[in-house]
Amino acid sequence: MFGYYLDLALRSLKRNKVLTALMVLSLALGIGACITTTTVLRLLSGDPLPQKSDRLFYPQVDPNGKQGYIAGQTEPPSTMPYIDAMYLLHARRAKRQAVVALTSGKIAPQRANERPFYSDGVQTTADFFGLFDAPFQYGGSWTAADDEGGAQVIVIAGFLNQKLFGGANSVGRTIRMNDHDFRIVGVLKPWSPQPRFYALDLGGHDYGGDGDAMFLPLKTAIDLKMGPQDLECYDTVTNMDDLAAAPCRWLGVWVELPDQAAVADYRMFLANYAREQVAQGRFSRDETAMLDLVDWLRHEQVVPDDVRLQAGLAYGFLLICVLNTVGLLLAKCLRRSREIGVRRALGATRGAVFAQFMVEAAIVGLVGGVLGLGFAELGLFGIRHQPAEYASLAHLDVSMFLFTFVVALLASLVAGLLPAWRACAVAPAPQLKAS
Amino acid sequence: MQIRPILSTLRHHKLTAILLTLQVAFTCAIVCNVVFMVVNRVHRIGVPTGIAENELSVIRSTGIEKNENAQAQHAADLAALRAIPGVKSVVAVSYSLPLNQDESTSGICPSKQALDRAIQLNSIDGSGCLEPSVYDGTPGLIDTLDLHLVAGRDFRPGEYVTQGKPPVTIITRALAQHMYPGQSALGQSMYDGDRFIRVVGIVDTLLRPNLRQPGVDYDSMILPQLPDDSVVTYVLRSAPQDRQRVLAAAAATLVKVNPNRIINPKRMQAYSQIRAAYFQRDTTMIGLLVASTLGLLFVTALGIAGLANFWVQQRTRSIGIRRAIGATCGDILRYFQAENFLIVGAGVVLGVLLAVALNLLLMTHYELPRLPLWYLPVGALVLWALGQLAVLSPALRASRVPPVVATRSV
């Protein structure tokens with residue numbers, strides 16, 4: 001039976017080539033626009049660390065002064081001063097914890113005739129790599145003792161290792177950065193979470209790139225006066241060189257908490273700490289916050305407004321394309337009232353007529369989907385050639401590929417519903433009587 | 001023209017007519033809002049900076065020598081750059097230029113009393129104090145950027161400082177008006193918390209490195225402060241067609257003067273590239289919005305034309321009968337045009353309401369101003385015109401149906 005409907009549908013579509021082309025084209029345009037924008041939206045709102053994002057938390061305290069403070073209504077800022085970050089680090093209340101700031105440094109080349117260059121880096125503490133599942137190619141992290149002693153050790157990214165040492169195992173070798181020697185303790189495999197969640201609000205970009213080139217102990221960076229990329233001071237600074245004591249916020253803290261109980265404990269611990277600081281007069285505000293990774297990304301609104309707007313627009317566009325297809329299919333099926341009347345008179349049930357028209361709609365949808373896939377590839381190609389941070393990431397994956405056909409079929413079946421229902425409601429007798 | 005027969009025909013095609021009306025309504029709502037967004041962004045990217053944009057090239061140099069004498073280095077660099085053929089003038093600035101996103105701001109008050117007020121209020125809002133962007137540079141900045149002095153004078157050679165804070169400044173007209181409303185700013189002394197800065201000149205326009213709100217985008221001040229860091233930005237002025245050549249020559253010259261420096265090719269730009277980079281997202285968005293508007297209108301026109309075609313085919317016989325009993329070609333043509341006018345009209349009325357609703361929705365989610373009401377009649381007219389255009393060919397075909405059709409059986 002299905003084969004017969006298919007045949008009927010193809011005949012009917014062939015009879016009105018221009019109209020069929022119009023339906024397919026408008027549906028394809030709508031689907032292409034939707035798939036392009038949904039791909040970008042999904043890419044940007046993706047979970048950068050799906051295996052453990054629900055166990056990673058970002059604690060916040062508020063060292064800001066009294067000015068502009070309304071109890072219960074202000075949110076703590078996104079970064080912390082050194083003193084508080086160190087307290088949370090040393091308290092070891094979580095399974096793992098790390099303190100993060102961004103930096104950049106001048107790296108001297110290994111070969112004589114090359115020029116020095118600047119690379120982005122992360123100032124952090126020993127647990128960073130375990131906390132974020134950063135994979136090592138060679139070697140491993142530095143130790144907590146290196147953190148305390150401000151040892152001149154460094155972990156470099158795979159691409160930097162490639163550039164400096166041609167990809168060989170460089171653990172134990174020395175690189176010169178900002179005119180100081182650093183011993184390499186580890187080399188990472190390619191690691192570039194999107195977005196760069198661990199450094200939101202610390203300065204620098206959120207999406208794109210190959211990841212940070214180097215990782216070094218925070219204490220070492222402070223000792224060598226490598227400033228952070230972003231710094232916000234909430235009080236008068238007397239000595240900018242002494243960042244550890246300055247009343248400035250510049251550090252992000254991440255903790256790993258294995259279960260609900262641990263999360264509740266840590267919240268309590270953080271709240272107590274803030275209250276203590278208020279009691280001691282160091283803080284004026286006792287608000288704290290601790291969001292998990294996904295909520296933190298949402299809170300920081302890493303997905304640009306423009307992208308959301310584009311997606312909304314694309315779905316509006318699809319809506320109009322579907323309406324358009326409904327109208328055209330309807331007109332088409334009403335013109336065939338006589339044919340339907342004859343089929344019904346010869347014994348076809350309402351269900352059979354309905355099925356016939358749905359098959360016709362589905363064919364339009366599938367062809368529209370294939371064409372729409374082409375439009376989506378074209379759209380993504382366009383996006384890849386934009387200078388946006390996330391441009392290089394815009395690719396169609398298998399799930400989006402399947403999603404395209406689901407959207408196409410759904411759109412065309414919804415569009416076919418009304419015409420098919422009208423068609424099967426045609427009463428055979430008047431159609432046969434007329435002329 | 002009689003409306004009644006049209007309405008009674010449409011009653012027979014209720015469903016199709018409603019669908020077309022809905023499609024027109026949604027198109028009207030979306031197009032009105034999208035066009036409004038496009039116009040907003042076009043306004044944004046057209047903001048004037050006040051400098052000679054298409055004559056400037058910018059190159060940043062990062063010295064990597066320890067303990068280098070920045071002043072001597074800059075002087076040597078400037079002399080060498082000035083000697084490049086085609087370079088009309090050149091200055092060094094620390095980093096700030098309009099729209100280059102490297103910003104330095106400073107809280108400053110029209111008087112000491114205003115600062116006290118700000119301290120009392122615990123906020124600079126309402127105290128008269130402002131937070132302008134601060135530009136610096138070597139002598140010749142005003143001429144090289146082609147700023148227009150509307151009052152006062154340029155800095156004197158003796159006023160430039162390297163360390164410490166200069167006692168004089170040149171401010172923009174906007175800052176002058178905001179700082180000293182209703183009086184002349186020239187000769188006034190502004191207070192920044194520990195010293196007074198006298199206004200010696202006022203320039204017409206100079207945009208900030210980062211846009212904020214439209215009201216304060218031009219609040220800038222220039223200090224006679226020489227860049228004193230190993231990272232420095234040179235601004236070269238040349239004829240527009242010479243810019244690429246001048247940039248390449250400048251990079252080569254700087255390396256020749258002192259090879260111990262890094263010149264990042266990304267920081268070597270004609271000024272127009274800086275501007276394009278600042279508005280890159282807006283330009284992309286404008287392109288996308290315009291493309292989707294055209295796509296929408298195209299799809300809607302297709303829908304109208306497709307349906308009209310069907311109706312013409314369907315009614316060939318009745319058209320023939322009408323012709324046979326005396327209707328002219330023009331009558332038939334006008335009949336289909338009027339029918340289209342009614343359907344699109346109904347869609348537009350609904351669409352205008354939807355447009356306002358969509359605008360309100362967008363205002364809650366995005367920073368979008370209220371849709372000016374005059375967009376609505378314009379959008380309605382555009383859709384009416386589009387409808388008439390789309391229906392023209394089917395209607396003409398209908399008008400050519402010969403009366404003899406009435407006598408044939410279909």
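Letters A, B, ... are given to chains in the order of the sequence lines, protein chains preceding strands, and every chain is numbered from 1. All of these numbers come straight from a predicted model, not from anything done at the bench.
Phe117(A) is not listed as a side-chain neighbour of Asn264(B), based on a closest heavy-atom distance of 4.5 Å or more. Looking at heavy atoms from C-beta onward, Met37(B) lies in side-chain contact with Leu309(A) at the 4.5 angstrom threshold.
Leu313(A) contributes atom CG, which lies 7.0 Å from atom OG1 of Thr293(B) (distance to the nearest 0.5 angstrom). For the atom pair CE (Met285(B)) and CG (Asp306(A)), the distance works out to 4.5 Å, reported to the nearest 0.5 Å. Note that the OG atom of Ser26(A) and the CD atom of Gln23(B) stand 8.0 Å from one another [nearest 0.5 Å]. Distance check: Leu418(A) CG to Leu19(B) CG gives 6.0 Å after rounding to the nearest 0.5 Å. Separating the CG atom in Leu29(A) from the CZ atom in Phe298(B) is a distance of 7.5 Å, to the nearest 0.5 Å. Residue Leu22(A) holds its CG atom at 5.0 Å from CG of Leu302(B), rounded to the nearest 0.5 Å.
With a 4.5 angstrom heavy-atom cutoff, Gln280(B) touches chain A only via side-chain atoms. With a 4.5 Å cut-off on non-hydrogen atoms, Leu307(B) touches chain A through its backbone and its side chain both. For Thr284(B), the part lying near chain A is the side chain, with the backbone staying farther off; criterion is any non-hydrogen pair under 4.5 Å. For Ile30(B), the part sitting under 4.5 Å from any heavy atom of chain A is the side chain, from C-beta outward, and nothing else. For a residue to count as touching a neighbouring chain, one of its non-hydrogen atoms must lie under 4.5 Å from one of that chain's; by this rule Ala33(A) does not touch chain B. Both the backbone and the side chain of Pro116(A) come within contact range of chain B, with heavy atoms under 4.5 Å apart. For chain A, the nearby part of Leu362(B) is the side chain; its heavy atoms alone come within less than 4.5 Å. Both the backbone and the side chain of Arg308(A) come within contact range of chain B, judged by heavy atoms closer than 4.5 Å.
Heavy atoms of other residues, nucleotides or ligands lying less than 6.0 angstrom from CD of Glu232(A) number 12 at most. Within 6.0 Å of atom NZ in Lys163(A), 12 or fewer heavy atoms from other residues, nucleotides or ligands are found, so the atom counts as exposed in its surroundings.
Each of Leu323(A), Ile320(A), Leu330(A) has some count of heavy-atom pairs under 4.5 Å with chain B, and the biggest count is that of Ile320(A).
Residues that satisfy the ring-ring contact (aromatic ring centres under 6.0 Å, His included) test with Phe381(A), not counting sequence neighbours, are His385(A).
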